[in-house]
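Note sheet for the following structure.
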Amino acid sequence: MSNSEIAIIFDELADMEEIEGNRWESLAYRKAAASIRSLGVPLETIYSKGELRTIDGVGSAIEKKIIQFLETGKVEKYAEMKSRYPIDFTGLRRVQGLGPKKIYALYTGLGITGLEDLKAAVESHKIEKLSGFGKKSEDNIKRSLDLIATRSSDRLPLGKIYYEVQNMVEAMRESGTVQRVEVVGSIRRMKETVGDVDILAVSESPDEALRSFLPQKYVTGVIASGPAKTSVNLSIGLNGDFRVFSAESFGSAMQYFTGSKEHNIKMRDLAIQKGLKLNEYGLFRKDIPVAGEDEEGIYSALGLQYVPPEMRENTGEIEAAQKRMLPQIPEYVDILGDLHVTVNRFTPEIIGEIVATARNEGLKYAAILYDGTWVSRGSGADYEEYKLMLKYVDKLNAGSEFRLIPGIRMPINMGIEQVSVPPDTMSSAYVVGSLSVNGTSSAYDLTDTVLKSIKSRWFRTLSLSFTEAAPDRSTGMNYEEIFHACAENGIFVELSGNPDDYGIHYTAARAASSSGVKFVLGSRAALPGHIKYIKLSTAIARRAWIEKSSIINSAGYDRAKEILQL
DNA sequence: GCCGTTTTCGGCCCGACTGTTTTCAGTCG
């Protein structure tokens with residue numbers, strides 16, 4: 001029973017209430033669903049502490065439904081409504097342009113209950129004859145269905161598109177037809193998954209700008225085009241929204257389109273309380289602009305500390321900013337080293353490439369982790385190679401400002417008792433204990449394995465990775481207990497934003513910050529070219545509200561070595 | 001259905017765009 005399961009139930013309740021015209025109930029369910037999705041802890045845990053009502057958007061009625069779900073696996077009201085609307089809302093809402101009302105119209109008019117029915121109706125051209133729909137609607141539905149068929153999720157991992165989007169924006173800047181271009185939306189917030197690409201530009205002639213500055217090589221189709229906005233299909237597999245604003249409004253436009261939606265609702269509410277009005281064009285008293293040119297001015301005019309984009313999820317950041325108590329999260333330039341670069345084979349060429357790439361990323365040091373599974377095989381060849389690597393690193397470090405920290409990565413389900421190398425090798429190397437969670441083991445077993453290994457203290461840093469790309473890594477593992485054990489035993493926890501290898505979710509990391517645990521950031525680069533993912537790892541720390549002082553890599557090489565006890 | 005530093009009742013973000021029902025509802029962010 002995961003949080004996302006119950007979030008889906010509330011989202012569908014929202015859809016059904018909307019069909020029945022109960023707008024506010026719908027809004028309430030929608031809000032509760034979003035809140036539950038952004039929790040870092042299982043609802044069970046919150047329930048067992050009797051704290052369900054502390055969740056934003058959960059009142060007495062929704063609390064009852066959550067309890068009912070946790071205790072019986074069902075929600076009565078949902079079952080009752082669903083019997084009247086036997087429709088796969090979750091599936092059908094993936095289709096662009098279909099909301100609750102249109103889905104209901106498709107159901108009553110054509111008996112469509114899911115994506116399969118919809119596809120059949122499109123193929124037999126029944127949609128265009130349906131009242132409220134037309135030829136264009138049918139074409140749009142068909143296009144969206146084709147897109148859905150090519151992928152399992154409507155969102156892509158940030159790391160899979162981040163760097164291409166940067167290139168695209170760079171091309172726009174070079175086009176010279178606009179004065180300024182910025183990426184906003186979930187990419188600016190560095191959300192783990194991205195549903196679309198939002199880009200803003202400054203130009204005095206918006207019409208012309210919208211026509212001319214889109215780099216053709218990235219655009220595969222146009223969805224909508226108005227005087228202030230153009231929506232397109234991008235070659236990277238997502239839709240892109242481009243908007244043009246004047247310089248006076250650019251800050252408020254950035255603020256508005258960076259989101260999140262929930263953060264903005266709270267911001268507007270705050271503005272109203274102060275007798276102001278906030279929209280994408282500025283912050284106004286009556287109709288006189290108070291702020292809007294830059295984001296800082298808007299936050300400041302509302303009596304808030306500046307909130308970094310990564311924290312804008314309405315999970316307490318506005319309240320903290322009012323009290324000027326936002327944590328000191330690290331800036332991207334504060335991270336001086338990458339503490340997880342994978343080395344499967346040692347050659348001077350590979351090491352040279354790692355050093356060159358890391359320097360290029362602005363780093364001062366990197367930990368190169370040799371795959372330690374050779375230990376269990378007890379074979380000598382790899383151990384000899386590892387020793388060669390140590391010697392080579394010593395030589396390299398002596399003559400360079402850039403430093404390497406040699407280390408070993410060991411699977412943690414392989415205890416220290418199986419380690420057959422001399423103990424001094426283990427104690428002099430930076431040892432990372434890793435566990436890859438594939439979703440087949442039970443949550444209890446996993447928690448137990450991890451706790452046991454933490455207590456045996458044979459590694460310095462815990463590195464968890466997940467082959468399941470579930471958005472909340474809802475394995476049911478007891479992160480709270482794991483992080484507390486880490487803090488108690490002086491073990492660090494690794495955060496990684498590598499898109500090929502899901503690390504600990506930011507919500508789990510944030511929930512753990514009260515345990516006092518310290519964090520290590522790593523790119524988990526398997527190839528030198530992936531060292532750039534250290535930026536995505538930093539983003540996770542920022543989203544998790546982790547203080548710069550709790551991150552080992554924000555220290556320089558000498559201090560970091562000291563902390564790692566090397 | 002939720003929520004409260006003017007409220008326990010009466011509000012609840014708001015503007016852009018599309019397509020179709022020729023004046024606006026539905027969807028999106």
Side-chain angles (χ1 to χ4, degrees), chain A residues 10 13-35 52-66 77 92-106 127-141 144 154 184-186 188-189 194-200 206 210 222-231 239-245 249 252-253 255-284 303 314 319 322:
Chain A
F10 286 135
L13 275 168
D15 290 334
M16 293 185 283
E17 291 283 13
E18 205 167 325
I19 291 170
E20 301 205 336
N22 303 323
R23 195 174 152 214
W24 304 116
E25 283 75 6
S26 170
L27 208 71
Y29 284 128
R30 199 79 72 198
K31 191 177 176 188
S35 260
L52 286 174
R53 291 286 290 272
T54 64
I55 300 168
D56 203 25
V58 175
S60 67
I62 289 183
E63 180 192 32
K64 273 197 199 118
K65 292 182 179 69
I66 296 174
K77 166 126 182 182
L92 288 169
R93 290 212 61 163
R94 292 180 64 196
V95 179
Q96 276 280 329
L98 289 190
K101 299 273 174 73
K102 296 245 171 185
I103 290 173
Y104 186 56
L106 288 167
I127 310 268
E128 60 176 338
K129 296 183 198 90
L130 194 61
S131 160
F133 294 78
K135 177 90 177 78
K136 282 194 173 173
S137 303
E138 187 171 285
D139 288 348
N140 287 338
I141 290 171
S144 186
D154 297 329
V184 287
S186 54
R188 181 157 181 249
R189 300 203 312 280
V194 176
D196 66 356
V197 179
D198 292 294
I199 290 176
L200 301 186
L210 277 175
V222 177
I223 303 166
S225 182
K229 176 190 163 186
T230 291
S231 296
N239 292 342
D241 285 338
F242 299 84
R243 294 177 174 85
V244 180
F245 284 85
S249 293
S252 44
Q255 198 285 320
Y256 183 86
F257 287 107
T258 296
S260 66
K261 191 175 158 191
E262 290 73 21
H263 176 88
N264 285 352
I265 289 173
K266 204 103 180 212
M267 290 284 284
R268 279 164 186 244
D269 194 40
L270 210 59
I272 291 167
Q273 282 174 34
K274 291 186 181 288
L276 302 166
K277 182 177 132 123
L278 176 64
N279 60 30
E280 58 266 54
Y281 303 105
L283 180 66
F284 303 92
N314 189 31
E319 293 78 359
Q322 274 177 318

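This one's a predicted model, so the numbers in the text were calculated from it and none came from an experiment. In the text below, chain A, chain B and the rest are named by the order of the sequence lines, each starting its count at 1.
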message: Looking only at the side chain of A:K261 (C-beta and beyond, no hydrogens), which of the listed nucleotides B:dG29, B:dC28, B:dG19 gets closest?
response: B:dG29
- prompt: Among B:dG29, B:dT27, B:dC3, which is the nearest nucleotide to the side chain of A:D56?
  reply: B:dC3
message: Looking only at the side chain of A:K101 (C-beta and beyond, no hydrogens), which of the listed nucleotides B:dT27, B:dG1, B:dC13 gets closest?
response: B:dT27
query: A:E18 and salt bridge (charged side-chain N to carboxylate O under 4.0 Å, His left out): which partner among A:K101, A:R23, A:R30?
result: A:R30
Nearest-neighbour nucleotide for the A:K229 side chain, B:dA16, B:dG19, B:dG1 considered: B:dA16
Could you list, one pair per line, each protein nitrogen or oxygen that sits under 3.5 Å from a nitrogen or oxygen of nucleotides 5-7 of chain B, together with the distance?
none

- line: Regarding the side chain of A:K102, the nearest nucleotide among B:dG19, B:dC13, B:dG26 is B:dG26
message: In whole Å, measure the gap between the P atoms of B:dT27 and B:dT20 for me.
response: 14 Å
- prompt: Partners of A:F133 by ring pair (Phe, Tyr, Trp, His ring centres under 6.0 Å), sequence neighbours excluded?
  reply: none
query: Which whole number of Å gives the distance between the C1' atom of B:dT21 and that of B:dG26?
result: 12 Å
field: Ring centre gap for A:Y256 and A:Y281 strictly below 6.0 Å
entry: no
field: Atom C1', compared across B:dT7 and B:dG11: separation rounded to whole Å
entry: 9 Å
- prompt: Of all the nucleotides listed (B:dC13, B:dG29, B:dG1), which has the minimum atom distance to the side chain of A:K65?
  reply: B:dG1
query: Taking the nucleotide of DNA chain B with the closest heavy atom to each, which residue, A:K135 or A:L278, is nearer the 5' end?
result: A:L278
- line: What residues 18-33 of chain A contributes to the DNA chain B interface at heavy-atom separation below 4.0 Å is A:W24, A:E25, A:A28, A:Y29
- request: Would you classify A:K64 as touching base, sugar-phosphate or nothing, given that sugar-phosphate means primed atoms plus P, OP1 and OP2, and contacts are heavy atoms under 4.0 Å?
  value: nothing
- prompt: Which nucleotide, B:dG15, B:dC2, B:dC13, lies nearest any side-chain atom of A:I265?
  reply: B:dC13
- line: Between A:G59 and A:D241, whichever has its closest DNA chain B nucleotide further toward 5' is A:G59
Separation of the P atoms in B:dC13 and B:dG4, to the nearest angstrom: 14 Å
field: Proximity to the side chain of A:Y256 - top-ranked nucleotide from B:dG26, B:dC2, B:dC14
entry: B:dC14
message: When both hydrogen-bonding distances must be under 3.5 Å and the geometry is Watson-Crick or G-U wobble, what is B:dT8 paired with, if anything?
response: none
message: Between A:Q96 and A:S144, do the side chains contain a donor N or O and an acceptor N or O under 3.5 Å apart?
response: no
query: Does a side-chain N or O from A:N140 land closer than 4.0 Å to OP1 or OP2 of B:dG19, or not?
result: yes
- prompt: If you check the A:S60 side chain, which of B:dT20, B:dC2, B:dG29 turns out closest?
  reply: B:dC2
message: In this structure, how many angstroms lie between the P atom of B:dT27 and the CZ atom of A:R93, rounded?
response: 7 Å
task: Using atom CD1 of A:I272 as one end and atom C1' of B:dC13 as the other, report the distance to the nearest whole Å.
output: 7 Å
field: Distance in angstrom units between A:F242 CZ and B:dG29 C1', rounded
entry: 16 Å
Given B:dG19, B:dC13, B:dT27, the nucleotide with the shortest approach to the side chain of A:K136: B:dG19
